[in-house]
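First the structure, in the form of structure tokens, and then the observations on it.
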Amino acid sequence: MAGSRLGNARGSTILVGVKIDLKPLRIGTIEIRLPVVLAALAGYSDHPYRLLCRQGGAMFCATEMMLDKSVLVGGKLQRQMLLKSDADRPLAGQLIGNEPGTMARAAGLLCRLGFDVVDLNFACPVHKALRRRRGGYFMRDPEAAVAIVRAVVAACDRPVTVKLRRSYEQADTANDAFWRMAEGAFDAGAAALCVHARSVEARYAGKADWDFLARVKEHFRDRTIVGSGDVLTPALALRLLAQTGVDGAAVARGALGNPWFFRQTADLAAGNEPYAPDLAAQRAVILRHFEHSCEVYGPVRGPKVMRKFGIKYARLHPHPKLVRTGFIGIRRPDQCRPLIDELYPESAPVPAGKE
Ligand SMILES: Cc1cc2nc3c(=O)[nH]c(=O)nc-3n(C[C@H](O)[C@H](O)[C@H](O)COP(=O)(O)O)c2cc1C
């Protein structure tokens, strides 16, 4: 079948015009038809953005990581973090923390609040988290991580999943801690693992090790494994699934500023050209995002949150540099909405680019 080629960063291509059979992703009893899902993204995978990703075709999303203690303390922050809706399901609530009892109590609360999955973060490479023995710290102490998984599983009446990295040290190619943590987590009752195929030391730099993901899936043939790392385009999402055999692909940086990523992936898998939102479609989504952010975070923080997203939305605009510079230049909340109107005009022609 003739078809145009979509290149990608790994030098491989996906043929438009060729259908790819995608198997649903299963997490416990939950079946997710499109196995390409929105990853947990601190500062980004909040309720307003998740809803836009759902409209853009995402069938499963994760919240930003939430500190167990903060989840247990009431208040505004807790209300904002825990915000969700029926249109935003099935949804994983991600917890970070270091003490089995507190993690279990926070997980129990997420279940009572109606989160469909509880996800445990043993992957975060941020120094503050590592210093406080949270997130990626556990890639050095797999037994302590497994104790948390065991306590959380006992407190939950729904699937518990685990996010981890391939190792702590970049030079560690034996991945001993990974295997101990992965085996231990499944033995403790975890329903799935999401594996970020980089070391904690590498943070987000360098290429994700997809060969490692293939080895993990080969080892855990009958378990659910979601791969993460370098899923930057829809073509790469399909490539990751095909090349490694994992059950699902988690989209992180690839979905920032592109909530249409999921339907684009489905288009590509169906053999079609991926949907390309025109400026009017971008305007509609960005305005909805702005309004919802202001509702959730208020008239001062809402526009600040939007500034960060606006910089990411720039990538799909015909003049990305102009958009980036515009959002970076915002100093006051009242500058945000007029800037959106200027950069994404209702019907006028696209503003002239200066790059
Ligand atoms: C801005 C940002 C925030 C992130 N926040 C989280 C988080 O809260 N929890 C988590 O498990 N991973 C988090 N991650 C990691 C991603 O979920 C993903 O595993 C990683 O970025 C690799 O995927 P990528 O190379 O396709 O971006 C974050 C990544 C980025 C870039």
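First listed ligand is number 1; within each ligand, the first listed atom is number 1.
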Below 4.0 Å from ligand 1: does a non-hydrogen atom of Gly229 turn up there or not? yes
Looking only at distances, please establish whether an N/O atom of ligand 1 is found under 3.5 Å from an N/O atom of Leu256. no
Proximal atoms of ligand 1 relative to Ala39 (non-hydrogen, under 4.0 Å): 17 (O)
Please indicate whether any nitrogen or oxygen in Leu232 is less than 3.5 Å from any nitrogen or oxygen in ligand 1. no
What atoms of ligand 1 come closer than 4.0 angstrom to any heavy atom of Met65? 8 (O)
Identify whether NZ of Lys or CZ of Arg in Lys84 sits under 6.0 Å from the centre of the six-membered ring of Phe115 and within 45° of that ring's axis. yes
Starting from atom 11 (O) of ligand 1, locate the nearest protein heavy atom and write down its residue, its atom name and how far away it is, to 0.1 Å. Gln94 NE2, 2.8 Å
Gly227, Ser45, Ala252: member with heavy atom nearest to atom 16 (C) of ligand 1: Ala252
Could you tell me whether Arg33 atom CZ has more than 12 heavy atoms of other residues or ligands within 6.0 Å of it? no
Nearest heavy-atom pair of Phe60 and Pro90: which atoms, and what distance? CD1-O, 3.4 Å
Between Tyr137 and Tyr168, does the ring centroid distance fall short of 6.0 Å? no
Would you find more than 12 non-hydrogen atoms of other residues, nucleotides or ligands less than 6.0 Å from Lys304 atom NZ? no
Looking at Tyr204, which atoms of ligand 1 are within less than 4.0 Å of one of its heavy atoms? 14 (N), 15 (C), 20 (C), 21 (O), 28 (C), 29 (C)
In this structure, atom 3 (C) of ligand 1 is nearest to the protein heavy atom Ala42 N, 3.3 Å
Check whether NZ of the Lys or CZ of the Arg Arg165 lies under 6.0 Å from the centre of the six-membered ring of Tyr204 and within 45 degrees of that ring's axis. yes
Taking the basic N atoms (NZ, or NE/NH1/NH2) and the acidic carboxylate oxygens, is any pair closer than 4.0 Å for Arg198 and Asp230? yes
Would you please test His292 and Tyr49 for ring pair (Phe, Tyr, Trp, His ring centres under 6.0 Å) and show each step? CA-CA 9 Å; His292 199 182; Tyr49 197 59; over 10 Å; no
Polar contacts were defined as any N/O atom of the residue lying under 3.5 Å from an N/O atom of the ligand; does this apply to Ser228 and ligand 1? yes
Can you tell me which residue and heavy atom of the protein come closest to atom 20 (C) of ligand 1, and the distance to 0.1 Å? His196 CE1, 3.5 Å
Distance-only N or O hit between ligand 1 and Val231, under 3.5 Å: yes
Test your reading of the structure: does Lys163 have an N or O sitting under 3.5 Å from an N or O of ligand 1? yes
Counting non-hydrogen protein atoms only, what is the nearest one to atom 30 (C) of ligand 1? Give residue, atom name and distance. Leu41 CD2, 3.6 Å
